[in-house]
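Computed from a predicted structure; not experimentally measured.
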Amino acid sequence: MAHLEQVEQKDKAIQYLVDPLVSKENHEDKLTILTRLFGIYKKYAVFLAILKLTQLSEEPDWIVSVVDDLVSWIKEWHLTPKQERDTFVQVGKVIQNEAPLKAYEFQLRAIKTIQKQDFDKEKELLFEAVRQAVTVPQVLNFDEIVGLSAIQSLGPQTVSLLKLFVSGSMQDYREYVKKNKDFLSKHGLPEQDVEFKVRILSLAELASNHMHKELSYDQIAKKLDIDLTQVEFWVIHAVRAKLIDLKMNQQTQTLFVSRSTFRTFSKNEWQALDNVLGEWQINLKQCLALLQ
């Protein structure tokens, strides 16, 4: 009991110390004081003060440098679901320009704290996660977000949109846009971003089905619904996004796929992976036999 009282007194003292520091004047000096204090006392009140001052000063460097530790700190702080949600959302806003993928991951963590009865009240937060999924270039896996019950509560238009990225074709994309143009515009979901991701993920899917095999430009053009002259453009984008590794032969207009990220990971993908591992096992046995 005495120990608990001592902890509470220390927390109040820290709160009393940090509150006056949260103002825009002389923010550099104040950030230095607060970050050093946090190094000694990793308390939520100190972190919150740093976060607020960072928002005022628009200097996110320190927050960016500690984002990988935030989840473990939040567990130690024993926050309420709302405190967790607010912290993830605010940190996400601070780091969005410097670390957009991490900001998106925090948005998903925030969503997971929402109770079912609060889904309707948190619609804007939910749609923000969908916007980030669509517009952040580094977000290329949609299995998690489409499976969240909070996101599913947004209705069939949202779920159908996200499923385009999981398994939709370019034809599916065009049919969706034709029916839901106003929906995309209303929620700030750019058509060009949707189209780009559906196309590049379709290429990853095609490459996954041709692992350690040749893939022709014609096959890619047909899958992506593009002209042959555009194939290399999309291949380069997929390589830059680290979706695929390959060797390109411009003379024969073919690719040899050495690695590809699966678009989604369902039973079919597990079977494909099992087949690849089986081929490797056979090849390894043959190599060992030659060496004996």
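- Applying the salt bridge (charged side-chain N to carboxylate O under 4.0 Å, His left out) rule to pairs touching residues 233-250 yields D245-R259, sequence neighbours excluded.
- Separating the OG atom in S202 from the CD1 atom in I220 is a distance of 12.0 Å, to the nearest 0.5 Å.
- Nearest heavy atom pair, residue N209 against residue K213, reads O-NZ, 4.5 Å.
- If you check the side chains of D172 and S169, you find a donor sitting under 3.5 Å from an acceptor.
- Expressed to the nearest 0.5 Å, how far OH of Y173 lies from CZ of F196 amounts to 12.5 Å.
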Donor-acceptor list for residues 229-237 side chains, cut-off 3.5 Å, not counting sequence neighbours:
{"unit_1": "T229", "atom_1": "OG1", "unit_2": "D227", "atom_2": "OD2", "d": "2.7"}
{"unit_1": "Q230", "atom_1": "OE1", "unit_2": "D227", "atom_2": "N", "d": "3.1"}
{"unit_1": "E232", "atom_1": "OE1", "unit_2": "Q250", "atom_2": "NE2", "d": "3.1"}
{"unit_1": "E232", "atom_1": "OE2", "unit_2": "Y217", "atom_2": "OH", "d": "2.9"}
{"unit_1": "E232", "atom_1": "OE2", "unit_2": "Q250", "atom_2": "NE2", "d": "3.2"}

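- The side-chain heavy atoms of L184 and L161, taken from C-beta on, include a pair separated by under 4.5 Å.
- L164 has its side chain within reach of Y176: a pair of non-hydrogen atoms, C-beta onward, lies under 4.5 Å apart.
- For residues 183-193, every residue pair satisfying the side-chain hydrogen bond (donor to acceptor under 3.5 Å, both in side chains) rule, not counting sequence neighbours, is listed here: K181-E191.
- At a threshold of 4.5 Å between non-hydrogen side-chain atoms, the residues V139 and L101 count as touching.
- Heavy-atom minimum distance, I200 versus A241: CD1-CB, 4.3 Å.
- Proximity of V94 to F106: side-chain heavy atoms (C-beta onward) are nowhere separated by under 4.5 Å.
- For F142, the ring-ring contact (aromatic ring centres under 6.0 Å, His included) criterion is met by F165, not counting sequence neighbours.
- In this structure the side chain of T264 never reaches within 4.5 angstrom of the side chain of S167, judged on heavy atoms.
- Residues I151 and L162 are in side-chain contact: their nearest non-hydrogen atoms beyond the backbone lie under 4.5 Å apart.
- Taken from CZ in R36 to CG in L31, the straight-line distance is 12.0 Å, to the nearest 0.5 Å.
- Of all heavy-atom pairs spanning A207 and L215, the tightest one is CA-CD2, 4.3 Å.
- When L53, T54, L48 are each tested for a side chain to side chain contact (heavy atoms under 4.5 Å, CB included) with I50, only one passes: T54.
- Taking both residues in full, the closest heavy atoms of I111 and A129 are given as CD1-CB, 3.2 Å, listed atom of the first, atom of the second, then distance.
- Residue pairs satisfying the salt bridge (charged side-chain N to carboxylate O under 4.0 Å, His left out) criterion with at least one member in residues 92-103, sequence neighbours excluded, are listed as follows: D68-K102, K102-E105.
- Between the CG atom in L203 and the CD1 atom in I226 there is a gap of 8.0 Å [rounded to 0.5 Å].
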Side chain to side chain contact (heavy atoms under 4.5 Å, CB included) evaluation trace for D225 with R174: CA-CA 11 Å; D225 193 17; R174 290 196 174 89; 2.5 Å; yes

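- Scanning for side chain to side chain donor-acceptor pair (under 3.5 Å) contacts around E175 gives Q171, with sequence neighbours left out.
- Remark: K112 pairs with E144 by the side chain to side chain donor-acceptor pair (under 3.5 Å) rule, at least two apart or across chains.
- Listed by first then second residue, pairs satisfying salt bridge (charged side-chain N to carboxylate O under 4.0 Å, His left out) with a partner in residues 197-211 read E195-R199, E205-K223, E205-R263, not counting sequence neighbours.
- Between L154 and V159 there is no side-chain heavy-atom pair separated by less than 4.5 Å.
- With S260 contributing its side chain and I244 its backbone, the two residues share no donor-acceptor pair below 3.5 Å.
- What you find for G168 and V198 is that their closest heavy atoms are O-CG1, 3.8 Å.
- Note on residues 149-160: pairs passing side-chain hydrogen bond (donor to acceptor under 3.5 Å, both in side chains), not counting sequence neighbours, are Q157-N180.
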Should V66 and F38 be marked as a side chain to side chain contact (heavy atoms under 4.5 Å, CB included) after you check the CA-CA gap, both sets of side-chain angles, and the distance that decides it? CA-CA 11 Å; V66 301; F38 188 79; 6.0 Å; no

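- Of all the heavy atoms in T135 and P190, the pair that sits closest is CG2-CD, 3.7 Å.
- Applying the side chain to side chain donor-acceptor pair (under 3.5 Å) rule to Y44 yields the partners T87; only residues at least two apart in sequence or on another chain are considered.
- Taking CZ of F262 as the reference point, atom CG of D143 lies at 12.0 Å (rounded to 0.5 Å).
- Pairs of residues two or more places apart, or lying in two chains, that qualify as salt bridge (charged side-chain N to carboxylate O under 4.0 Å, His left out) and include a residue from residues 76-89 are K82-D86, R85-E122.
- Annotation: side chain to side chain donor-acceptor pair (under 3.5 Å) contacts of Q96 (sequence neighbours excluded): none.
- In this structure, the side chains of I114 and L125 come closer than 4.5 Å at one or more pairs of heavy atoms.
- With hydrophobic clusters built from ILVMFWY side chains whose heavy atoms lie under 4.5 angstrom apart, M248 does not share a cluster with F256.
- The distance from atom CZ of R131 to atom CG of L126, rounded to the nearest 0.5 Å, is 10.5 Å.
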